[in-house]
Amino acid sequence: MPTNVASQFSADIEAYIADEVLPLARRQLVAYQFGDPLTLPEGRGTTYTGARFNRLPLPFAPLSEGVPPVGETMTISQVSAVAQQWGDKVTITDVAELTIKHPLFKQAISLTALQIGETLERNCYNSLNGLTQVNYVNSRGSRAALVAGDVLDTTTVIRTVAALQTLGAPRFMGDEQTDTKLEADAGGARASDNPRGMPHYTAICHTLVVGDWSQNSTVVLARTYSDLNRLYNYEIGEWSGARFCASNMVPSFTGVAAVNGAVTAAGSLATNTYYIQLTASDTQNQYESRIHQVSAAIAVVGPNGSVDVVIPSTPTGFTWSVYIGTTTSPANLGVCSAGPTSGPLQGMAVQLTGNQTVTITNTGTAQTPPAAPATGITVYPTYVIGRGAYGQVVLKNAQFSYLKDADKSDPLNQLRIVGWKCFYGTLIENNQFAAIIESTSAFSTTFG
(Lines give C-alpha, C1' and ligand atoms only; values in the text may rest on other atoms or scores of the structure.)
Protein backbone atom coordinates (compact mmCIF):
# COMPACT_ATOMS: atom_id res chain seq x y z
CA MET A 1 0.00 0.00 0.00
CA PRO A 2 1.56 3.38 -0.99
CA THR A 3 2.46 5.68 1.91
CA ASN A 4 2.68 9.40 1.28
CA VAL A 5 5.51 10.92 3.36
CA ALA A 6 6.26 14.58 4.01
CA SER A 7 9.45 14.62 1.94
CA GLN A 8 7.38 13.98 -1.21
CA PHE A 9 5.74 17.38 -0.77
CA SER A 10 8.71 19.49 0.36
CA ALA A 11 8.21 21.79 -2.61
CA ASP A 12 4.87 22.79 -1.13
CA ILE A 13 6.26 23.81 2.26
CA GLU A 14 6.12 27.54 2.91
CA ALA A 15 9.26 28.59 4.76
CA TYR A 16 8.68 30.56 7.95
CA ILE A 17 10.81 33.55 8.87
CA ALA A 18 10.08 35.41 12.10
CA ASP A 19 8.95 39.02 11.83
CA GLU A 20 11.34 40.19 14.55
CA VAL A 21 15.08 40.13 13.84
CA LEU A 22 17.33 38.53 16.44
CA PRO A 23 19.34 40.78 18.78
CA LEU A 24 23.02 41.53 18.26
CA ALA A 25 25.74 40.92 20.82
CA ARG A 26 26.09 43.87 23.19
CA ARG A 27 28.99 46.30 23.04
CA GLN A 28 29.75 48.25 26.21
CA LEU A 29 30.66 51.79 25.15
CA VAL A 30 32.55 53.47 27.97
CA ALA A 31 35.68 55.38 26.99
CA TYR A 32 34.27 58.18 24.83
CA GLN A 33 32.23 59.68 27.67
CA PHE A 34 35.26 60.42 29.88
CA GLY A 35 37.00 62.66 27.35
CA ASP A 36 36.58 66.41 27.74
CA PRO A 37 34.21 67.77 25.04
CA LEU A 38 36.33 70.09 22.86
CA THR A 39 35.05 72.04 19.84
CA LEU A 40 37.16 73.01 16.83
CA PRO A 41 35.50 75.97 15.05
CA GLU A 42 34.84 75.65 11.33
CA GLY A 43 37.16 77.56 9.07
CA ARG A 44 40.18 77.09 11.36
CA GLY A 45 41.77 74.00 9.80
CA THR A 46 41.79 70.52 11.33
CA THR A 47 44.37 70.93 14.11
CA TYR A 48 43.22 71.64 17.66
CA THR A 49 45.91 72.98 20.02
CA GLY A 50 45.55 73.25 23.76
CA ALA A 51 47.94 75.38 25.83
CA ARG A 52 48.95 75.18 29.47
CA PHE A 53 51.04 77.70 31.44
CA ASN A 54 53.34 75.76 33.68
CA ARG A 55 53.78 76.41 37.41
CA LEU A 56 56.46 78.75 38.63
CA PRO A 57 59.14 77.06 40.76
CA LEU A 58 58.89 77.86 44.45
CA PRO A 59 61.49 80.30 45.83
CA PHE A 60 64.56 78.55 47.25
CA ALA A 61 65.42 81.09 49.99
CA PRO A 62 63.90 84.14 51.70
CA LEU A 63 64.43 87.63 50.31
CA SER A 64 67.37 89.74 51.35
CA GLU A 65 66.40 93.10 52.74
CA GLY A 66 66.10 95.67 49.97
CA VAL A 67 67.13 93.23 47.23
CA PRO A 68 64.44 92.26 44.70
CA PRO A 69 64.38 88.62 43.53
CA VAL A 70 65.81 87.64 40.17
CA GLY A 71 62.36 86.53 39.04
CA GLU A 72 61.08 83.58 37.08
CA THR A 73 60.49 82.89 33.40
CA MET A 74 56.99 81.82 32.46
CA THR A 75 56.83 78.69 30.32
CA ILE A 76 54.04 77.27 28.22
CA SER A 77 53.38 73.74 26.94
CA GLN A 78 51.03 72.82 24.13
CA VAL A 79 49.40 69.64 22.88
CA SER A 80 47.69 69.13 19.53
CA ALA A 81 45.35 66.71 17.82
CA VAL A 82 44.23 66.51 14.21
CA ALA A 83 40.54 65.98 13.52
CA GLN A 84 39.88 63.39 10.84
CA GLN A 85 36.80 62.60 8.84
CA TRP A 86 35.31 59.16 9.45
CA GLY A 87 32.30 57.63 7.79
CA ASP A 88 30.76 54.64 6.06
CA LYS A 89 27.69 53.67 4.04
CA VAL A 90 25.36 50.80 3.17
CA THR A 91 23.99 50.51 -0.39
CA ILE A 92 20.82 48.53 -1.09
CA THR A 93 19.28 47.80 -4.47
CA ASP A 94 15.61 48.29 -5.23
CA VAL A 95 15.30 44.58 -6.02
CA ALA A 96 16.61 43.63 -2.59
CA GLU A 97 14.23 46.02 -0.90
CA LEU A 98 11.27 44.61 -2.89
CA THR A 99 12.03 40.93 -2.35
CA ILE A 100 13.46 40.58 1.18
CA LYS A 101 11.07 40.00 4.07
CA HIS A 102 12.60 42.41 6.59
CA PRO A 103 12.79 46.14 5.76
CA LEU A 104 16.42 46.48 4.69
CA PHE A 105 16.49 50.27 4.70
CA LYS A 106 15.33 50.43 8.34
CA GLN A 107 17.84 47.75 9.31
CA ALA A 108 20.62 49.71 7.58
CA ILE A 109 19.71 52.81 9.60
CA SER A 110 19.84 50.82 12.82
CA LEU A 111 23.17 49.17 12.00
CA THR A 112 24.90 52.39 10.94
CA ALA A 113 23.72 54.06 14.16
CA LEU A 114 25.47 51.28 16.11
CA GLN A 115 28.51 51.55 13.87
CA ILE A 116 29.16 55.22 14.55
CA GLY A 117 29.16 54.85 18.34
CA GLU A 118 31.41 51.81 18.18
CA THR A 119 33.78 53.58 15.77
CA LEU A 120 34.21 56.55 18.12
CA GLU A 121 34.75 54.16 21.04
CA ARG A 122 37.33 52.09 19.13
CA ASN A 123 39.23 55.19 18.01
CA CYS A 124 39.28 56.42 21.60
CA TYR A 125 41.05 53.25 22.76
CA ASN A 126 43.52 53.53 19.87
CA SER A 127 44.50 56.96 21.17
CA LEU A 128 44.62 55.89 24.83
CA ASN A 129 47.03 53.11 23.86
CA GLY A 130 49.54 55.90 23.21
CA LEU A 131 49.62 56.94 26.89
CA THR A 132 53.20 56.99 28.10
CA GLN A 133 52.74 55.93 31.75
CA VAL A 134 52.46 52.15 32.02
CA ASN A 135 52.45 49.88 35.07
CA TYR A 136 52.97 46.17 34.48
CA VAL A 137 51.50 43.71 36.96
CA ASN A 138 54.02 42.17 39.37
CA SER A 139 56.46 44.96 38.45
CA ARG A 140 57.38 43.34 35.14
CA GLY A 141 59.60 45.53 33.04
CA SER A 142 57.68 45.43 29.77
CA ARG A 143 54.74 43.92 27.93
CA ALA A 144 57.00 41.18 26.61
CA ALA A 145 57.98 40.25 30.18
CA LEU A 146 54.42 39.49 31.31
CA VAL A 147 53.71 35.80 31.87
CA ALA A 148 50.66 33.66 32.56
CA GLY A 149 49.43 34.42 36.07
CA ASP A 150 50.26 38.13 35.95
CA VAL A 151 46.61 39.08 36.51
CA LEU A 152 45.31 42.40 37.82
CA ASP A 153 46.02 42.69 41.54
CA THR A 154 45.39 45.18 44.32
CA THR A 155 49.06 46.12 44.67
CA THR A 156 49.33 47.30 41.08
CA VAL A 157 46.07 49.24 41.29
CA ILE A 158 47.16 50.96 44.50
CA ARG A 159 50.60 51.68 43.04
CA THR A 160 49.04 53.25 39.94
CA VAL A 161 46.54 55.39 41.86
CA ALA A 162 49.23 56.51 44.29
CA ALA A 163 51.52 57.51 41.41
CA LEU A 164 48.74 59.57 39.79
CA GLN A 165 48.02 61.27 43.10
CA THR A 166 51.71 62.00 43.59
CA LEU A 167 51.79 63.65 40.16
CA GLY A 168 48.72 65.70 41.11
CA ALA A 169 46.43 64.25 38.44
CA PRO A 170 42.96 65.78 39.00
CA ARG A 171 40.21 63.39 39.98
CA PHE A 172 36.62 63.16 38.83
CA MET A 173 34.06 64.77 41.12
CA GLY A 174 36.63 67.53 41.60
CA ASP A 175 39.23 67.64 44.36
CA GLU A 176 38.51 71.34 44.73
CA GLN A 177 34.79 70.57 45.19
CA THR A 178 35.11 67.94 47.91
CA ASP A 179 32.48 68.35 50.61
CA THR A 180 34.40 68.75 53.87
CA LYS A 181 31.43 69.74 56.01
CA LEU A 182 29.95 67.31 58.52
CA GLU A 183 26.27 66.52 58.38
CA ALA A 184 24.64 66.67 61.79
CA ASP A 185 22.00 64.09 60.87
CA ALA A 186 24.50 61.62 59.45
CA GLY A 187 26.30 60.78 62.66
CA GLY A 188 29.29 62.88 61.70
CA ALA A 189 29.61 61.34 58.25
CA ARG A 190 30.12 63.47 55.17
CA ALA A 191 27.90 63.24 52.11
CA SER A 192 31.04 62.60 50.11
CA ASP A 193 31.69 59.40 52.09
CA ASN A 194 29.58 57.64 49.49
CA PRO A 195 32.28 56.32 47.13
CA ARG A 196 30.26 57.42 44.11
CA GLY A 197 30.38 61.01 45.30
CA MET A 198 33.99 61.12 46.47
CA PRO A 199 36.82 62.33 44.21
CA HIS A 200 38.12 59.36 42.26
CA TYR A 201 39.97 58.21 39.17
CA THR A 202 38.13 56.18 36.56
CA ALA A 203 39.48 52.85 35.36
CA ILE A 204 38.27 51.01 32.25
CA CYS A 205 39.08 47.32 32.11
CA HIS A 206 38.36 44.32 29.93
CA THR A 207 35.52 42.03 30.96
CA LEU A 208 37.94 39.11 31.44
CA VAL A 209 39.99 41.25 33.82
CA VAL A 210 36.84 41.64 35.92
CA GLY A 211 36.92 37.87 36.28
CA ASP A 212 40.51 37.95 37.54
CA TRP A 213 39.67 40.73 39.98
CA SER A 214 36.69 38.85 41.40
CA GLN A 215 39.00 35.98 42.36
CA ASN A 216 41.58 38.13 44.12
CA SER A 217 41.70 36.95 47.75
CA THR A 218 42.01 40.47 49.16
CA VAL A 219 39.00 41.65 47.16
CA VAL A 220 36.93 38.61 48.11
CA LEU A 221 37.68 39.16 51.80
CA ALA A 222 36.76 42.84 51.60
CA ARG A 223 33.53 42.15 49.74
CA THR A 224 32.62 39.41 52.20
CA TYR A 225 32.64 41.90 55.05
CA SER A 226 31.34 44.96 53.22
CA ASP A 227 29.18 44.06 50.23
CA LEU A 228 28.28 40.52 49.25
CA ASN A 229 26.32 41.88 46.32
CA ARG A 230 29.64 42.76 44.69
CA LEU A 231 30.59 39.09 44.70
CA TYR A 232 27.18 38.01 43.46
CA ASN A 233 27.01 40.61 40.69
CA TYR A 234 30.60 40.07 39.52
CA GLU A 235 31.45 43.76 39.96
CA ILE A 236 34.67 45.65 40.47
CA GLY A 237 33.03 48.85 41.65
CA GLU A 238 35.44 51.13 43.51
CA TRP A 239 38.84 50.29 44.94
CA SER A 240 41.57 52.42 46.45
CA GLY A 241 40.46 55.72 44.94
CA ALA A 242 39.46 54.37 41.52
CA ARG A 243 36.04 53.48 40.15
CA PHE A 244 36.11 50.69 37.57
CA CYS A 245 34.05 50.34 34.41
CA ALA A 246 34.09 47.13 32.37
CA SER A 247 33.89 47.01 28.59
CA ASN A 248 34.12 44.22 26.05
CA MET A 249 35.56 46.72 23.56
CA VAL A 250 38.84 47.14 25.47
CA PRO A 251 41.52 45.79 23.09
CA SER A 252 43.88 42.93 23.81
CA PHE A 253 47.27 41.95 22.41
CA THR A 254 48.38 38.36 21.76
CA GLY A 255 51.99 37.46 21.04
CA VAL A 256 52.52 35.25 17.97
CA ALA A 257 55.66 33.59 16.59
CA ALA A 258 57.67 35.50 14.01
CA VAL A 259 57.13 35.17 10.27
CA ASN A 260 60.39 35.44 8.33
CA GLY A 261 60.79 36.80 4.82
CA ALA A 262 62.59 35.58 1.70
CA VAL A 263 64.85 37.87 -0.32
CA THR A 264 63.72 38.61 -3.89
CA ALA A 265 64.56 41.24 -6.50
CA ALA A 266 61.29 42.82 -7.53
CA GLY A 267 61.25 46.16 -5.73
CA SER A 268 63.18 49.26 -4.69
CA LEU A 269 64.81 48.27 -1.39
CA ALA A 270 68.40 49.44 -1.09
CA THR A 271 71.21 47.20 0.11
CA ASN A 272 70.77 46.77 3.86
CA THR A 273 69.69 44.41 6.61
CA TYR A 274 65.91 44.50 7.11
CA TYR A 275 63.48 43.18 9.68
CA ILE A 276 59.78 42.57 9.21
CA GLN A 277 56.92 42.26 11.69
CA LEU A 278 53.35 41.15 11.08
CA THR A 279 50.24 42.21 12.95
CA ALA A 280 46.72 40.85 12.50
CA SER A 281 43.56 42.93 12.92
CA ASP A 282 40.17 41.41 13.60
CA THR A 283 37.77 42.32 10.81
CA GLN A 284 35.04 43.49 13.19
CA ASN A 285 36.78 46.09 15.39
CA GLN A 286 39.97 46.45 13.31
CA TYR A 287 42.22 46.25 16.39
CA GLU A 288 45.78 45.10 15.77
CA SER A 289 45.32 42.36 18.33
CA ARG A 290 47.71 39.60 17.18
CA ILE A 291 51.29 40.84 17.24
CA HIS A 292 53.95 38.63 15.68
CA GLN A 293 57.51 38.72 16.94
CA VAL A 294 60.09 40.55 14.83
CA SER A 295 61.67 38.40 12.14
CA ALA A 296 65.26 37.31 11.86
CA ALA A 297 67.59 39.63 9.94
CA ILE A 298 67.02 39.69 6.17
CA ALA A 299 70.06 40.71 4.10
CA VAL A 300 68.81 42.47 0.96
CA VAL A 301 71.07 43.37 -1.97
CA GLY A 302 69.73 46.46 -3.76
CA PRO A 303 68.91 48.63 -5.49
CA ASN A 304 66.02 46.44 -6.69
CA GLY A 305 65.57 44.39 -3.54
CA SER A 306 62.30 43.09 -2.15
CA VAL A 307 61.09 40.65 0.48
CA ASP A 308 58.47 37.94 0.00
CA VAL A 309 56.28 37.30 3.04
CA VAL A 310 53.92 34.35 3.49
CA ILE A 311 50.76 35.59 5.20
CA PRO A 312 49.34 32.96 7.61
CA SER A 313 46.17 31.12 6.68
CA THR A 314 44.80 31.09 10.23
CA PRO A 315 43.01 32.31 12.22
CA THR A 316 40.04 33.31 10.12
CA GLY A 317 38.36 36.67 10.68
CA PHE A 318 41.64 38.62 10.52
CA THR A 319 43.59 40.70 8.03
CA TRP A 320 47.33 41.32 8.26
CA SER A 321 49.71 44.25 8.07
CA VAL A 322 53.44 44.01 7.36
CA TYR A 323 55.96 46.40 8.89
CA ILE A 324 59.54 46.74 7.72
CA GLY A 325 62.64 48.57 8.96
CA THR A 326 66.40 48.39 9.31
CA THR A 327 66.31 47.85 13.08
CA THR A 328 64.67 45.26 15.32
CA SER A 329 61.88 47.80 15.89
CA PRO A 330 60.32 48.23 12.43
CA ALA A 331 58.55 51.57 12.24
CA ASN A 332 57.25 51.71 8.66
CA LEU A 333 54.53 49.91 6.81
CA GLY A 334 55.75 47.95 3.84
CA VAL A 335 54.84 48.94 0.29
CA CYS A 336 52.83 46.19 -1.36
CA SER A 337 50.59 45.90 -4.44
CA ALA A 338 48.26 43.53 -2.58
CA GLY A 339 47.14 46.30 -0.19
CA PRO A 340 44.29 48.83 -0.60
CA THR A 341 43.89 50.46 -4.01
CA SER A 342 42.38 53.67 -2.62
CA GLY A 343 42.30 55.71 0.57
CA PRO A 344 45.08 57.13 2.78
CA LEU A 345 46.88 53.75 2.99
CA GLN A 346 46.75 53.02 -0.72
CA GLY A 347 49.64 50.75 -1.74
CA MET A 348 50.60 49.92 1.85
CA ALA A 349 50.85 46.36 3.20
CA VAL A 350 47.63 46.53 5.24
CA GLN A 351 44.31 44.66 5.15
CA LEU A 352 46.06 41.70 3.56
CA THR A 353 44.03 38.52 3.39
CA GLY A 354 45.54 35.32 4.75
CA ASN A 355 47.04 32.35 2.92
CA GLN A 356 48.97 34.28 0.28
CA THR A 357 52.53 35.39 -0.47
CA VAL A 358 53.01 39.15 -0.79
CA THR A 359 56.04 41.07 -1.98
CA ILE A 360 57.27 44.03 0.05
CA THR A 361 58.92 46.33 -2.45
CA ASN A 362 59.88 49.32 -0.28
CA THR A 363 59.41 51.07 3.06
CA GLY A 364 56.22 53.09 3.22
CA THR A 365 54.23 55.20 5.65
CA ALA A 366 55.81 55.72 9.08
CA GLN A 367 53.77 53.77 11.62
CA THR A 368 54.73 51.87 14.76
CA PRO A 369 53.14 48.48 15.49
CA PRO A 370 51.96 47.62 19.00
CA ALA A 371 54.60 46.00 21.22
CA ALA A 372 54.45 42.20 21.08
CA PRO A 373 53.76 40.16 24.22
CA ALA A 374 55.61 36.89 24.65
CA THR A 375 54.45 34.24 22.19
CA GLY A 376 51.23 32.66 23.38
CA ILE A 377 50.52 35.36 25.98
CA THR A 378 47.52 37.70 25.73
CA VAL A 379 47.82 41.07 27.46
CA TYR A 380 44.90 43.29 28.52
CA PRO A 381 45.28 47.04 29.20
CA THR A 382 43.37 48.72 32.01
CA TYR A 383 43.15 52.50 31.60
CA VAL A 384 43.27 54.54 34.82
CA ILE A 385 42.14 58.05 33.94
CA GLY A 386 42.12 61.37 35.74
CA ARG A 387 39.98 64.35 34.87
CA GLY A 388 41.43 66.29 31.95
CA ALA A 389 43.60 63.42 30.69
CA TYR A 390 42.09 63.45 27.21
CA GLY A 391 39.43 65.15 25.16
CA GLN A 392 37.22 64.59 22.13
CA VAL A 393 37.86 67.28 19.51
CA VAL A 394 34.78 67.73 17.32
CA LEU A 395 34.93 69.75 14.11
CA LYS A 396 31.62 68.41 12.78
CA ASN A 397 29.17 66.23 14.67
CA ALA A 398 27.88 63.00 13.17
CA GLN A 399 25.65 63.52 10.14
CA PHE A 400 23.45 60.85 8.58
CA SER A 401 22.48 60.66 4.91
CA TYR A 402 19.40 58.81 3.68
CA LEU A 403 19.30 58.70 -0.11
CA LYS A 404 16.14 57.09 -1.51
CA ASP A 405 15.22 59.17 -4.55
CA ALA A 406 16.32 59.09 -8.18
CA ASP A 407 18.99 61.51 -9.40
CA LYS A 408 21.23 61.94 -12.43
CA SER A 409 23.65 59.25 -11.26
CA ASP A 410 20.77 56.85 -10.47
CA PRO A 411 18.03 57.83 -12.94
CA LEU A 412 15.94 54.67 -12.42
CA ASN A 413 16.16 54.85 -8.62
CA GLN A 414 17.78 51.43 -8.34
CA LEU A 415 19.87 52.21 -5.25
CA ARG A 416 19.15 53.29 -1.68
CA ILE A 417 22.05 54.50 0.46
CA VAL A 418 22.33 54.95 4.21
CA GLY A 419 25.54 56.66 5.30
CA TRP A 420 27.17 58.73 8.01
CA LYS A 421 30.21 60.89 8.55
CA CYS A 422 31.78 62.93 11.33
CA PHE A 423 34.91 65.03 11.76
CA TYR A 424 36.68 64.54 15.06
CA GLY A 425 39.85 63.40 16.85
CA THR A 426 41.02 62.40 20.33
CA LEU A 427 43.47 64.71 22.11
CA ILE A 428 45.74 63.47 24.89
CA GLU A 429 45.69 66.61 27.02
CA ASN A 430 48.16 65.46 29.66
CA ASN A 431 49.97 62.12 29.73
CA GLN A 432 50.61 62.54 33.46
CA PHE A 433 46.89 62.50 34.19
CA ALA A 434 46.39 58.89 33.10
CA ALA A 435 48.16 55.54 33.13
CA ILE A 436 47.80 52.03 31.73
CA ILE A 437 48.01 48.85 33.77
CA GLU A 438 48.90 45.84 31.64
CA SER A 439 48.09 42.32 32.80
CA THR A 440 47.31 38.85 31.55
CA SER A 441 44.14 36.95 32.45
CA ALA A 442 43.37 33.54 33.88
CA PHE A 443 40.36 33.40 31.59
CA SER A 444 39.83 33.00 27.88
CA THR A 445 37.25 34.29 25.40
CA THR A 446 36.54 30.70 24.33
CA PHE A 447 34.52 28.01 26.07
CA GLY A 448 35.70 24.52 26.86
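We use all heavy atoms of the structure for the numbers below, so side chains are in, but hydrogens, waters and symmetry mates are not.
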Inset, instruction - Taking D410 for its side chain and L415 for its backbone only, find out whether a donor-acceptor pair lies under 3.5 Å. - result: yes
Inset, instruction - Measure the shortest side-chain to side-chain distance between V309 and I360 over non-hydrogen atoms and say whether it is less than 4.5 angstrom. - result: yes
Inset, instruction - Indicate whether the side chain of Q286 and that of T283 have a donor and an acceptor atom separated by less than 3.5 Å. - result: no
Inset, instruction - Answer yes if the ring centres of F34 and Y383 are under 6.0 angstrom apart, and no otherwise. - result: no
Legend entry - Any side-chain donor near an acceptor of the partner, D212 and Y380, under 3.5 Å: no
Inset, instruction - Report the C-alpha distance between V384 and L164 in whole Å, list the side-chain angles of each, state the deciding distance to 0.1 Å, and finish with yes or no for side-chain contact (heavy atoms from CB on, under 4.5 Å). - result: CA-CA 9 Å; V384 185; L164 289 174; 3.7 Å; yes
Legend entry - Pair Q115, D88: side-chain N/O donor-acceptor within cut-off below 3.5 Å: yes
Legend entry - Any donor-acceptor N/O pair, N248 side chain to Q28 backbone, under 3.5 Å: yes
Inset, instruction - For the pair F400 and Y402, name the ring-plane relationship: parallel under 30°, tilted 30 to 60°, perpendicular over 60°. - result: parallel
Legend entry - G302 backbone acceptor or donor facing T271 side chain under 3.5 Å: yes
Inset, instruction - Tell me yes or no: between the side chains of T327 and S329, is some donor less than 3.5 Å from an acceptor? - result: no
Legend entry - Validation row: W420, Q399 side chains within 4.5 angstrom (heavy atoms): no
Legend entry - Polar contact flag, side-chain donor to acceptor under 3.5 angstrom, T426-Q392: yes
Legend entry - Main-chain N/O of L152 paired to T156 side chain as donor or acceptor, under 3.5 Å: no
Legend entry - Side chains of N123 and Y424, donor plus acceptor under 3.5 Å: yes
Inset, instruction - Ignoring hydrogens and angles, tell me if any N or O in the side chain of E288 forms a donor-acceptor pair with the backbone of W320 under 3.5 Å. - result: no
Legend entry - Short side-chain to backbone donor-acceptor contact, H102 and L104, under 3.5 Å: no
Legend entry - Pair Q277-S295, side-chain donor/acceptor within less than 3.5 Å: no
Inset, instruction - Please determine, by modelled atom types, if N135 and T160 share a side-chain donor-acceptor pair under 3.5 angstrom. - result: yes
Inset, instruction - Please check if the side chain of N285 supplies one atom and the backbone of Y287 the other of a donor-acceptor pair under 3.5 Å. - result: no
Inset, instruction - State the CE-CZ distance between M173 and R171, to the nearest 0.5 angstrom. - result: 11.5 Å
Legend entry - SB check D150 R140 (cutoff 4.0 Å): yes
Inset, instruction - Indicate yes or no: at least one non-hydrogen side-chain atom of L131 is less than 4.5 angstrom from one of I428. - result: yes
Legend entry - Q84 and T46: CA distance, side-chain angles, deciding distance, side chain to side chain donor-acceptor pair (under 3.5 Å) verdict: CA-CA 7 Å; Q84 297 175 308; T46 60; over 6 Å; no
Inset, instruction - Carefully, step by step, assess H200 and T202 under the rule side-chain contact (heavy atoms from CB on, under 4.5 Å). - result: CA-CA 7 Å; H200 61 272; T202 296; 3.9 Å; yes
Legend entry - Flag, side chain of N362 to backbone of L269, donor-acceptor distance under 3.5 Å: no
Legend entry - Salt-bridge contact D282-R290 (side-chain N to carboxylate O under 4.0 Å): no
Inset, instruction - Would you please test S252 and T378 for side chain to side chain donor-acceptor pair (under 3.5 Å) and show each step? - result: CA-CA 7 Å; S252 62; T378 299; 6.0 Å; no
Inset, instruction - I would like to know whether L120 and C422 meet side-chain contact (heavy atoms from CB on, under 4.5 Å); could you show each step before the answer? - result: CA-CA 10 Å; L120 298 180; C422 68; 4.0 Å; yes
Inset, instruction - Would you mind reporting whether V209 and T382 have side-chain heavy atoms less than 4.5 Å apart? - result: yes
Legend entry - Near-ring test F423/W86, centroid separation under 6.0 angstrom: no
Legend entry - Pairwise side-chain contact, V137 with D153, heavy-atom cut-off 4.5 Å (strictly under): yes
Legend entry - Any side-chain heavy-atom pair of P312 and H292 under 4.5 Å: yes
Inset, instruction - Evaluate the side-chain proximity of F253 to R143: yes if any heavy-atom separation is below 4.5 Å, no if none is. - result: yes
Inset, instruction - Could you tell me whether a side-chain N or O of E121 sits under 3.5 Å from a main-chain N or O of M249, the two making a donor and an acceptor? - result: no
Legend entry - Check: A266 main-chain N/O paired with S306 side-chain donor or acceptor under 3.5 Å: yes
Legend entry - Interatomic distance, Q351 atom CD to S321 atom OG [nearest 0.5 angstrom]: 7.5 Å
Inset, instruction - Please confirm whether R243 makes a cation-pi placement over Y201, using NZ or CZ under 6.0 Å from the six-membered ring centre and within 45° of the ring normal. - result: no
Inset, instruction - Applying side-chain contact (heavy atoms from CB on, under 4.5 Å), run through T361 and S268 and close with a yes or a no. - result: CA-CA 6 Å; T361 58; S268 305; 5.6 Å; no
Inset, instruction - Name all residues meeting the side chain to side chain donor-acceptor pair (under 3.5 Å) criterion together with T368; count only those two or more places apart in sequence or in a different chain, and write none if there are none. - result: none
Inset, instruction - Could you tell me the separation between the NZ atom of K404 and the CD1 atom of I92, rounded to the nearest 0.5 Å? - result: 9.0 Å
